[in-house]
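Below you'll find the structure, written out as structure tokens, and then a few comments.
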Amino acid sequence: MTSDKARRLFEALDLDQDGTLTRAEVITALRTRGPSLAASGVLPFHGLGDADASSALFDAADQNGDAVLTPEEFAAVVDRRFGWN
């Protein structure tokens, strides 16, 4: 079950709106949109990080190793990491 917070964050990071996240998309979106997402409460401030941290988040979420994240894969990690479930 995906939390509303995880769903909103996923949608904010899905730059091309294709329903999946790539590593480049996560890194770019967190770099460009992260501060405003944190300011608006969509992303915890401790969720902001550099490209390495964003890449590590992607790796932790990519359970099947296909180099794209589904909303379910993403939510499983961020809900636990940010205490949203």
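Values below: every heavy atom of this structure, side chains too, minus hydrogens, waters and symmetry copies. From a predicted model like this one, the values you see are computed outputs, not experimental measurements.
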Connected via hydrophobic side-chain network under 4.5 Å: Val78 and Leu15: no
Gap between atom CZ of Phe82 and atom OG of Ser3 - 0.5 Å precision: 10.5 Å
Minimum heavy-atom distance Ala75-Ala6, with the two atoms named: CB-CB, 3.8 Å
Linked hydrophobic residues, Val68 as query - side chain contacts closer than 4.5 Å: none
Pairwise side-chain contact, Glu25 with Leu69, heavy-atom cut-off 4.5 Å (strictly under): no
Flag, side chain of Asp14 to backbone of Leu21, donor-acceptor distance under 3.5 Å: no
Side chain to side chain donor-acceptor pair (under 3.5 Å) partners of Ser36, counting only residues at least two apart: none
Gap between atom OG1 of Thr32 and atom CG of Leu37 - 0.5 Å precision: 8.5 Å
Salt bridge (Lys or Arg N to Asp or Glu O under 4.0 Å) partners for Arg33, two or more places apart: none
Members sharing Ile27's hydrophobic cluster (side chains within less than 4.5 Å): none
Heavy-atom donor-acceptor pair, Arg80 side chain to Ala76 backbone, under 3.5 Å: yes
Residue pairs passing the salt bridge (Lys or Arg N to Asp or Glu O under 4.0 Å) test where at least one lies in residues 54-78, sequence neighbours excluded: Arg23-Asp59
Shortest non-hydrogen contact from Glu11 toward Gln17: O-NE2, 3.4 Å
Rounded distance [0.5 Å steps], CG in Leu13 versus CZ in Arg8: 12.5 Å
Gap separating the CD atom of Gln63 from the CZ atom of Phe74, nearest 0.5 angstrom: 13.5 Å
Taking every non-hydrogen atom, the tightest pair across Thr20 and Asp16: O-OD1, 4.4 Å
For residues 41-54, run the donor-acceptor check on the side chains, cut-off 3.5 Å, and write out each pair with its distance to 0.1 Å, sequence neighbours left out.
{"unit_1": "Asp50", "atom_1": "OD1", "unit_2": "Asp52", "atom_2": "N", "d": "3.2"}
{"unit_1": "Asp50", "atom_1": "OD1", "unit_2": "Ala53", "atom_2": "N", "d": "2.9"}
{"unit_1": "Ser54", "atom_1": "OG", "unit_2": "Asp50", "atom_2": "O", "d": "3.2"}

